[in-house]
Amino acid sequence: MRSLLTVTMLTCGLGLLISISAHSQSRATALDTLEMRYQQCLTSNHNMYNCALNYYKQLDSLLYNTLQYIYSHIDTNKQYQLQTDQGAWEARKEEYFKKIDERVEKLHKSTLAGLNDDMISTDNKAAFLKDRLSLLFKDFTI
């Protein structure tokens, strides 16, 4: 009876790992698709700021959903570790975004096309989110 329970638990655990791994792969595919669409939008040379803004919003949403998924599929110790790591990342993000915003504010005073500055700023912010997503996919394929 005990060995049957162990085999059942291992089988269920393996199924969960396969499910989570497949889910992580689909999120990585989603990330690749977002990147491809963003590059296509940029090459159209029409309203590049909106391209960057939409890309940023989509990455932000994917990051949020990915974190929610990971939290719901890892044990309490790993949740605590991820929560701590995510808090540190959020602090770095706030500091980085603040520097970018300050730089753009200074550039607005010296450039005529301030929207281009906003596009570059948003692109840099999106890249920061993309790096975090890539790291989460690597570290939490579980």
Side-chain angles (χ1 to χ4, degrees), residues 2 4-142:
R2 191 172 192 187
L4 178 60
L5 180 61
T6 303
V7 169
T8 303
M9 288 173 57
L10 287 173
T11 304
C12 290
L14 181 59
L16 178 62
L17 287 176
I18 291 169
S19 170
I20 292 171
S21 179
H23 190 73
S24 293
Q25 288 175 350
S26 70
R27 288 189 184 276
T29 301
L31 182 59
D32 292 340
T33 300
L34 289 177
E35 176 68 25
M36 183 183 68
R37 288 182 185 161
Y38 177 50
Q39 292 305 320
Q40 288 172 343
C41 185
L42 290 176
T43 58
S44 73
N45 288 324
H46 289 71
N47 208 345
M48 294 171 68
Y49 172 67
N50 277 343
C51 294
L53 187 60
N54 288 334
Y55 179 58
Y56 173 84
K57 288 177 180 179
Q58 291 167 341
L59 286 174
D60 192 47
S61 179
L62 182 58
L63 177 59
Y64 175 80
N65 289 326
T66 298
L67 285 167
Q68 293 304 310
Y69 184 83
I70 292 171
Y71 276 121
S72 69
H73 288 87
I74 58 177
D75 65 49
T76 306
N77 289 334
K78 287 184 180 179
Q79 284 177 354
Y80 177 75
Q81 179 185 3
L82 178 57
Q83 188 174 15
T84 302
D85 186 47
Q86 186 63 22
W89 180 83
E90 290 285 342
R92 287 190 308 274
K93 179 185 121 179
E94 291 302 316
E95 182 179 321
Y96 179 69
F97 283 19
K98 182 179 177 185
K99 286 179 183 177
I100 288 175
D101 291 339
E102 288 171 353
R103 190 173 336 142
V104 167
E105 188 62 35
K106 288 178 185 175
L107 289 175
H108 275 312
K109 296 173 185 172
S110 63
T111 58
L112 296 175
L115 206 52
N116 290 331
D117 298 331
D118 289 334
M119 182 274 173
I120 294 167
S121 168
T122 303
D123 180 76
N124 285 327
K125 290 176 180 181
F128 197 84
L129 298 183
K130 182 182 176 198
D131 288 346
R132 180 61 176 160
L133 276 162
S134 296
L135 184 63
L136 288 171
F137 294 152
K138 180 181 149 245
D139 288 350
F140 289 95
T141 54
I142 309 173

- Task: Output yes when a side-chain donor or acceptor of D60 lies under 3.5 Å from a complementary backbone atom of Y56, and no otherwise.
- Result: no
Worksheet entry | N/O donor-acceptor pair under 3.5 Å between T33 side chain and T29 backbone | yes
Report task. Measure the shortest side-chain to side-chain distance between M119 and L42 over non-hydrogen atoms and say whether it is less than 4.5 angstrom. Result -> yes
**Prompt:** Got a sec: does the CZ of F97 have more than 12 other heavy atoms crowding it under 6.0 Å?
**Reply:** yes
Of K99, R92, K98, the one forming a salt bridge (charged side-chain N to carboxylate O under 4.0 Å, His left out) with E95 is K99
Under 3.5 Å, side chain of N65 to main-chain N/O of S61, donor-acceptor pair present? yes
### Query
Please walk me through it: do Q79 and Q83 pass side-chain hydrogen bond (donor to acceptor under 3.5 Å, both in side chains)?
CA-CA 6 Å; Q79 284 177 354; Q83 188 174 15; over 6 Å; no
Output for pair (N54 CG, L59 CG), nearest 0.5 Å, gives 11.0 Å
d(C51 SG, Q39 CD) to nearest 0.5 Å is 9.5 Å
dist E90:CD -> D85:CG (nearest 0.5 Å) comes out at 10.5 Å
Hits for side chain to side chain contact (heavy atoms under 4.5 Å, CB included) against Y96, two or more places apart or cross-chain, chain-then-number order -> I100, N124, F128
Does any non-hydrogen side-chain atom of F140 lie less than 4.5 Å from one of H73? no
Between the CG atom in L53 and the CD atom in Q58, the distance rounded to the nearest 0.5 Å is 10.0 Å
| task | Indicate yes or no: at least one non-hydrogen side-chain atom of D139 is less than 4.5 angstrom from one of L82. | result | no
Separation between CH2 (W89) and CG (L67), nearest 0.5 Å, reads 8.0 Å
Review point. Do the non-hydrogen side-chain atoms of N116 and M48 ever get within less than 4.5 Å of each other?
Key: no
Taken to the nearest 0.5 Å, the spacing of D123 CG from K130 NZ works out to 10.0 Å
**Prompt:** When you look at OH of Y71, are more than 12 heavy atoms from neighbouring residues, nucleotides or ligands closer to it than 6.0 Å?
**Reply:** yes
Original post:
How about K78 and D75: do any of their side-chain heavy atoms sit closer than 4.5 Å?
Top reply: yes
By salt bridge (Lys or Arg N to Asp or Glu O under 4.0 Å), D101 pairs with (sequence neighbours left out) K125
